[in-house]
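We number each residue from 1, following the sequence as shown.
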Amino acid sequence: MSLEVRESVPLAPLTTLGVGGPARFFAEAEGDAAVVEAFRFAEARGVPLFVLGGGSNLLVADRGVDALVLRVRVRGVEVVGAKGGEGGRGPSLLVRAGAGEGWDDLVARAVAEGWAGVECLSGIPGDVGATPIQNVGAYGQEVAETIAEVEAIDRATGAAAVLSGADCGFGYRDSRFKRAWRGRYVITAVTFALRPGGAAAVRYPELQRALAAPAAGAAPPLPEVRSAVIALRRGKSMVLDPGDENGRSAGSFFMNPTLDAGAAAGVLARIEAAGVLAPGEAIPRYPAGGGRVKLSAAWLIERAGFAKGTRHGAAGISTRHTLALVNRGGATAAELLDLARRVRRGVLDRFGVALSAEPDLVGFAPGETDDLASGAHAADQGS
């Protein structure tokens, strides 16, 4: 048997939050055959299989995970082809990366090679294989823009599958891997269409300000954009730094809510009536496609009365970024969930917006975290 399975392996050290109990079984797979072996092992033991990436978007229950936790370690980055330009863009290189490659390592390589398409996603922790699942995005860019193919193993059959980016159903922090395909595939590699010599995507106002770049004008060089993004993330404690008091987090704990136009109008009116706006202050909002409106979860949380640095036991809100819930040292998953629920309830009661958790919540009893599950972004749903 090429798959080495261990028992009672602590998971907290394998997550950026540093929270949670052990895995009943744990293994690492460096190739497709080992992934299929993991399927068979889990089936024979009658336990679920959970795939662990870089542990950066994850909250593990204090009791641990009664499953085979599989870390996919498929490595390698190579140029596998090219494709013609589309939509007025220049030609692209097809760059295939193993699911176990570090995401920021791939971004750094792309920037150094002059391959545009992922530069604004610099500094994000985790592995390549996790990026299609939640359509990782930041500073005006998403992996959906560049993913050409996703290679995976079908859990039911053990057969290899190649899924086109167009078939993945990407949306805001969403994909078919989180919905119709949830639990069906284990991703082993991702191919990105990156543009050699292409211009950086400097669309996000905060990034434009940091670069002193006009909305319409020559784009700065890719290395300059990468440096600016990392500096912005560091200023919010959104890069891995053992010396940062806010460093133990899962990144943004809540997603920005997206509302249809009618619901958004009602929420905006409710915010204006709440008396939380400073003179001349505008409510942050952005078009989300299809007539929908995206609101800032961080702004809503702050205006609901939750300040940076708020604490709940050993858990807290980051002193630098309201969206990040942090482990101050010795926090439990229960404390983090309690704090998340306080925040969610505060925003819902004040503004009628139901926030949804972004990290995967793993090892909890059925129904235990349904109130925080992703997918409920509309206003006035109740809770």
Side-chain angles (χ1 to χ4, degrees), residues 56-57 59 120-121 123-124 126 131 133-145 170-175 178-179 201 203-209 229 232-233 235-238 249-268 270-271 274 276-277 281-306 308 317-318 320-325 339-361 371-381 383:
S56 60
N57 192 49
L59 175 60
C120 297
L121 306 179
I124 296 176
T131 59
I133 296 172
Q134 68 165 27
N135 184 18
V136 164
Y139 296 102
Q141 195 169 59
E142 296 177 330
V143 292
E145 299 171 41
F170 292 121
Y172 171 65
R173 302 296 182 271
D174 193 27
S175 72
K178 293 180 72 172
R179 295 179 282 107
R203 311 165 184 145
Y204 200 75
E206 184 182 13
L207 182 58
Q208 290 171 353
R209 291 192 294 270
V229 167
L232 287 171
R233 294 184 65 87
K236 300 173 184 177
S237 295
M238 288 292 185
S249 84
S252 296
F253 199 91
F254 293 104
M255 292 187 283
N256 291 321
T258 57
L259 314 175
D260 62 39
V267 168
L268 296 175
R270 187 164 171 172
I271 292 171
V276 297
L277 294 172
E281 182 182 12
I283 302 168
R285 56 187 185 273
Y286 315 93
R292 294 173 67 79
V293 178
K294 182 190 299 183
L295 301 180
S296 166
W299 188 92
L300 292 169
I301 291 167
E302 289 184 358
R303 294 309 188 278
F306 297 94
K308 296 182 181 75
I317 295 175
S318 169
R320 292 184 175 181
H321 189 27
T322 318
L323 272 186
L325 303 189
L339 178 57
R341 288 188 171 106
R342 281 180 53 200
V343 170
R344 185 180 187 278
R345 171 55 66 182
V347 172
L348 183 62
D349 289 349
R350 195 75 188 270
F351 305 123
V353 179
L355 298 181
S356 300
E358 184 167 332
D360 285 328
L361 308 176
D371 57 326
L372 292 169
S374 63
H377 300 164
D380 293 319
Q381 297 181 74
S383 175

Side chain to side chain contact (heavy atoms under 4.5 Å, CB included) evaluation trace for Phe254 with Leu300: CA-CA 11 Å; Phe254 293 104; Leu300 292 169; over 6 Å; no
- request: First locate atom OH of Tyr286, then atom OG1 of Thr258, and finally report the distance between them rounded to the nearest 0.5 Å.
  value: 14.0 Å
- prompt: Looking at residues at least two apart in the chain, or sitting in another chain, which of them share a side chain to side chain donor-acceptor pair (under 3.5 Å) with Thr322?
  reply: Glu302
task: Starting from the C-alpha separation in whole Å, work towards a yes-or-no answer on side chain to side chain contact (heavy atoms under 4.5 Å, CB included) for Leu295 and Leu268.
output: CA-CA 10 Å; Leu295 301 180; Leu268 296 175; 4.2 Å; yes
query: Ala304 and Phe351: which non-hydrogen atoms are nearest, and at how many Å?
result: N-CE1, 3.8 Å
Gap separating the CE atom of Met238 from the OG atom of Ser249, nearest 0.5 angstrom: 5.5 Å
message: Using every non-hydrogen atom in the two residues, find where Ala297 and Leu323 come nearest and quote the distance to one decimal.
response: CB-CD2, 3.6 Å
message: Applying side chain to side chain contact (heavy atoms under 4.5 Å, CB included), can you list everything that pairs with Ala250, at least two apart in sequence or on another chain?
response: Leu17, Pro359
message: To the closest 0.5 Å, what do you measure between CG (Asn57) and CD1 (Ile133)?
response: 9.5 Å
message: Let's go through Arg350 and Arg303 carefully: what are the C-alpha distance in whole Å and the side-chain angles of both, what is the deciding distance for side chain to side chain contact (heavy atoms under 4.5 Å, CB included) to 0.1 Å, and is it a yes or a no?
response: CA-CA 9 Å; Arg350 195 75 188 270; Arg303 294 309 188 278; over 6 Å; no
- request: Mind checking side chain to side chain contact (heavy atoms under 4.5 Å, CB included) for Leu232 and listing every partner two or more places apart, or none if nothing turns up?
  value: Tyr139, Glu206, Leu207, Ala210
query: What closest approach, in Å, do Arg173 and Gly137 show between heavy atoms, and which atom pair accounts for it?
result: NH2-O, 2.9 Å
field: Gln141 versus Ala201, closest heavy-atom pair with distance
entry: NE2-CB, 3.6 Å
- prompt: Residues two or more places apart in sequence or in another chain: which of them pass salt bridge (charged side-chain N to carboxylate O under 4.0 Å, His left out) with Glu142?
  reply: none
field: With Ser296 via side chain to side chain contact (heavy atoms under 4.5 Å, CB included) - residues at least two apart
entry: Pro284, Ala298, Trp299
Pair Asn256-Tyr172, side chain to side chain contact (heavy atoms under 4.5 Å, CB included): steps then yes or no: CA-CA 9 Å; Asn256 291 321; Tyr172 171 65; 3.3 Å; yes
- request: Only counting residues at least two apart or in another chain, list the ones meeting side chain to side chain contact (heavy atoms under 4.5 Å, CB included) with Asp174.
  value: Lys178, Arg179
